[in-house]
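Note that this is a predicted model, so its numbers are computed, not measured.
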Number of protein chains: 2
Amino acid sequence: MAATSTSSGTVQKALHVLDIVADFKRPVRLNEIVSVSPYPKGTLYRMLQTLRTEGLLAYDEYSNEYSLGMRLVRLAHSAWSQFSLAPIARAHIDGLSESIDETIHLAQLEASQVLYVDKRNAKRPVQMYSQAGKIGPAYCTGVGKAMLAFLPEAHLESILAQQSYHAFTQKTLDSKTALLSALEQIKSQGFAFDDEEHEPGIICVATPILTSSNSVVGAISVTATTARTTLENLKSYVPKMQETANNIAQSAEHWRSPAEH
Amino acid sequence: MAATSTSSGTVQKALHVLDIVADFKRPVRLNEIVSVSPYPKGTLYRMLQTLRTEGLLAYDEYSNEYSLGMRLVRLAHSAWSQFSLAPIARAHIDGLSESIDETIHLAQLEASQVLYVDKRNAKRPVQMYSQAGKIGPAYCTGVGKAMLAFLPEAHLESILAQQSYHAFTQKTLDSKTALLSALEQIKSQGFAFDDEEHEPGIICVATPILTSSNSVVGAISVTATTARTTLENLKSYVPKMQETANNIAQSAEHWRSPAEH
DNA sequence: TTATTCGTTTCAAATAATGAAATAGAATAT
DNA sequence: ATATTCTATTTCATTATTTGAAACGAATAA
């Protein structure tokens with residue numbers, strides 16, 4: 001009685017189609033969508049038209065390809081400015097960025113995944129995966145683990161159950177048990193590492209952002225490459241990061257996290 | 001014949017509700033939405049539930065308030081990275097930002113308005129769609145006028161008809177005729193000014209980004225305050241901006257603008 | 001207590017979405 | 001030029017979701 005969603009709901013269907021288009025990460029044609037969706041062609045066609053005229057999809061008449069539309073960007077701006085930590089944390093992150101010349105991320109949990117909501121590049125930016133708005137796995141990123149470690153048990157359970165545990169690298173913690181023991185250590189030491197668990201050559205330290213009642217609102221991380229530094233070195237940033245996290249938490253005290261159900 | 005929308009379509013309705021929530025720019029309760037929407041309470045209630053469980057809206061159980069949800073941020077990231085000029089223009093904007101220590105914007109036309117898709121602040125280098133995503137009026141911003149001036153006549157007409165011509169400041173060109181003559185001059189000189197037409201104390205220069213076939217794909221601007229500089233000074237940036245715009249256009253030559261219908 | 005306000009549920013009626021199959025249109029092959 | 005093979009689009013009777021007035025319940029105020 002719990003698992004799959006009932007097929008009902010026009011809005012659900014439309015969202016599903018949007019997700020499909022998003023997953024392609026490139027413009028797609030009707031037939032490509034047909035082949036990966038449960039809906040018949042006629043239905044999909046009409047749905048795509050609707051999404052297109054509403055501006056949720058962009059359409060190229062010459063190639064007959066659909067992509068996500070800019071109306072989403074407009075809508076997301078409102079969501080981001082109201083409901084992400086980014087506006088609240090901005091000044092604090094700026095400060096941290098001035099004293100640490102590495103890539104800094106601000107992330108939140110969203111739908112059991114990590115959502116990067118802000119980012120500062122080092123002066124010499126490293127070309128890597130991740131930008132604000134990007135999502136990543138919770139179980140094998142620094143920010144993800146930092147947040148998971150401080151979640152109340154019930155919430156943690158439900159999130160862990162939804163992880164894919166894909167082994168991105170040889171070092172990925174690709175099982176729930178491995179992850180759980182890592183989380184325990186993170187909780188006791190107060191910060192998390194990512195030791196090339198998501199991308200080879202990329203390491204980071206992350207600290208959670210906790211309110212006075214110890215609920216997790218986000219995390220910040222400092223990222224670097226193994227070519228240039230070590231985890232041990234990154235560790236020296238932790239005190240400054242924790243101070244920043246505390247300051248953000250204080251500013252966010254009266255801000256209500258969308259993750260709280 | 002042109003104005004109001006037919007009431008049909010579940011997706012349309014859902015989007016309308018999202019827009020209403022977005023327009024409040026703060027969390028809102030059911031009854032507030034009821035008072036500004038054409039739908040009865042029961043209908044709205046169910047719609048909000050749907051949007052909420054889909055993650056398009058966030059909900060605070062204690063205050064019963066809805067806000068835009070972070071799923072939009074996730075979706076928008078795909079839209080932004082595929083369909084905005086930003087990823088293509090990034091390196092070029094970075095370069096420009098290094099030689100000009102002022103705020104730089106990259107904008108596109110979207111639904112007859114200006115959509116800022118990237119931004120560089122004088123000091124901190126950030127690239128993300130989040131502070132981008134903001135929309136502004138086309139008729140009284142530098143980037144807006146720069147783009148309008150180079151639009152084909154038919155397209156321009158339809159866009160001009162949709163402007164609100166609100167006089168934000170005393171200097172705002174608040175009529176179609178005033179705007180049209182300004183556009184003519186912009187077209188002949190190749191760049192546009194914003195002389196405090198949108199915000200008092202804020203001035204900017206903007207140049208259009210034109211493909212080899214002279215179609216408008218976007219615009220870049222350099223913004224400053226009257227307290228610190230003058231339009232005459234800003235003008236000196238124009239050659240560099242035009243060079244950058246040309247380079248972006250070259251990179252974007254094979255990129256298809258969503259605005260082309 | 002009694003009003004009042006707001007959120008939630010109900011259920012028959014109204015309406016929008018469905019999908020199999022036919023049609024139109026484009027591109028490629030013969 | 002004509003046939004062939006894709007793909008996109010339309011049709012229409014059927015199906016199922018959405019609708020909305022009104023009733024209900026919960027919470028707060030008077």
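Taking atom CD of A:Gln12 as the reference point, atom P of C:dT18 lies 12 Å away to the nearest angstrom. Atom-to-atom, OH of B:Tyr45 to C1' of D:dG25 comes out at 12 Å; the value is rounded to the nearest Å. Rounded to whole angstrom, the span from the OH atom of A:Tyr62 across to the C1' atom of C:dA27 amounts to 17 Å. When rounded to the nearest whole Å, the span between CE of A:Met47 and P of D:dT9 equals 16 Å. Between B:Arg52 atom CZ and C:dG7 atom P the separation is 13 Å, expressed in whole Å. Taking atom CG on A:Leu44 and atom C1' on D:dA8, their separation rounds to 12 Å, with Å as the unit. The distance between atom CD of B:Gln49 and atom C1' of C:dT8, rounded to the nearest whole Å, is 9 Å. Computed from coordinates, the A:Leu48 CG to D:dT9 C1' distance equals 12 Å when rounded to whole Å.
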So which protein nitrogen or oxygen atoms get under 3.5 Å of nucleotides 28-30 of chain D's nitrogens or oxygens?
none

Distances under 3.5 Å only, N/O to N/O: pair up the protein atoms with those of nucleotides 20-24 of chain D.
residue: D:dG20; atom: OP2; partner: B:Thr43; partner atom: OG1; Å: 3.3
residue: D:dG20; atom: N7; partner: B:Arg46; partner atom: NH2; Å: 2.6

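One side chain, A:Asn64 or A:Tyr59, offers a donor N or O that lies under 3.5 Å from an acceptor on the other. Between the side chains of A:Ser63 and A:Asp60, at least one donor N or O sits under 3.5 Å from an acceptor N or O. Side chains of A:Ser212 and A:Glu253: a donor on one and an acceptor on the other come within 3.5 Å. Using modelled atom types, one finds no donor on one side chain facing an acceptor on the other under 3.5 Å when comparing A:His198 with A:Thr169.
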*Where do B:Val114 and B:Lys134 land on the side-chain contact (heavy atoms from CB on, under 4.5 Å) test, with the steps shown first?*
CA-CA 8 Å; B:Val114 165; B:Lys134 207 180 284 182; over 6 Å; no
*Under the side-chain contact (heavy atoms from CB on, under 4.5 Å) criterion, do A:Leu210 and A:Val217 qualify, and how do the steps go?*
CA-CA 6 Å; A:Leu210 304 168; A:Val217 293; over 6 Å; no
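Ring orientation note: the planes of B:Phe168 and B:His166 are nearly perpendicular, at an angle over 60° on the 30°/60° scale.
To the nearest 0.5 Å, the span separating NE2 on B:His155 from CG on B:Leu109 amounts to 7.0 Å.
Residues of residues 24-34 of chain A having a heavy atom closer than 4.0 Å to DNA chain D, listed by number: A:Arg29, A:Leu30, A:Asn31.
Looking at the side chain of B:Tyr59, the nearest of the listed nucleotides D:dT9, C:dT8, D:dT19 is C:dT8.
Shown here for B:Thr207 and B:Gln242, the closest heavy-atom pair between the two residues is CG2-CG, 3.8 Å. Here the shortest heavy-atom pairing between A:Gln163 and A:Ser112 reads NE2-O, 2.9 Å. Scanning both residues, B:Ile88 and B:Ser251, for their nearest heavy atoms gives CG2-CB, 3.6 Å. Between A:Leu48 and A:Leu30, the closest heavy-atom pair is CD1-CD1, 3.6 Å.
Rotation axes derived from the C1' atoms of the five outermost pairs at either end of the helix from C:dT1-D:dA30 to C:dT30-D:dA1 lie 30° apart, to the nearest 10°.
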Identify every side-chain donor-acceptor pair in residues 14-26 of chain A under 3.5 Å, counting partners at least two apart or on other chains, and give the distances.
residue: A:His16; atom: ND1; partner: A:Tyr39; partner atom: OH; Å: 3.2
residue: A:Asp19; atom: OD2; partner: B:Arg71; partner atom: NH2; Å: 2.5
residue: A:Arg26; atom: NH1; partner: A:Glu32; partner atom: OE2; Å: 3.4
residue: A:Arg26; atom: NH2; partner: A:Glu32; partner atom: OE2; Å: 2.8

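For B:Thr10, no side-chain nitrogen or oxygen approaches OP1 or OP2 of D:dT17 to under 4.0 Å.
Take A:Ala219 and apply the side chain to side chain contact (heavy atoms under 4.5 Å, CB included) test, not counting sequence neighbours, and it matches A:Val143, A:Ala146, A:Met147.
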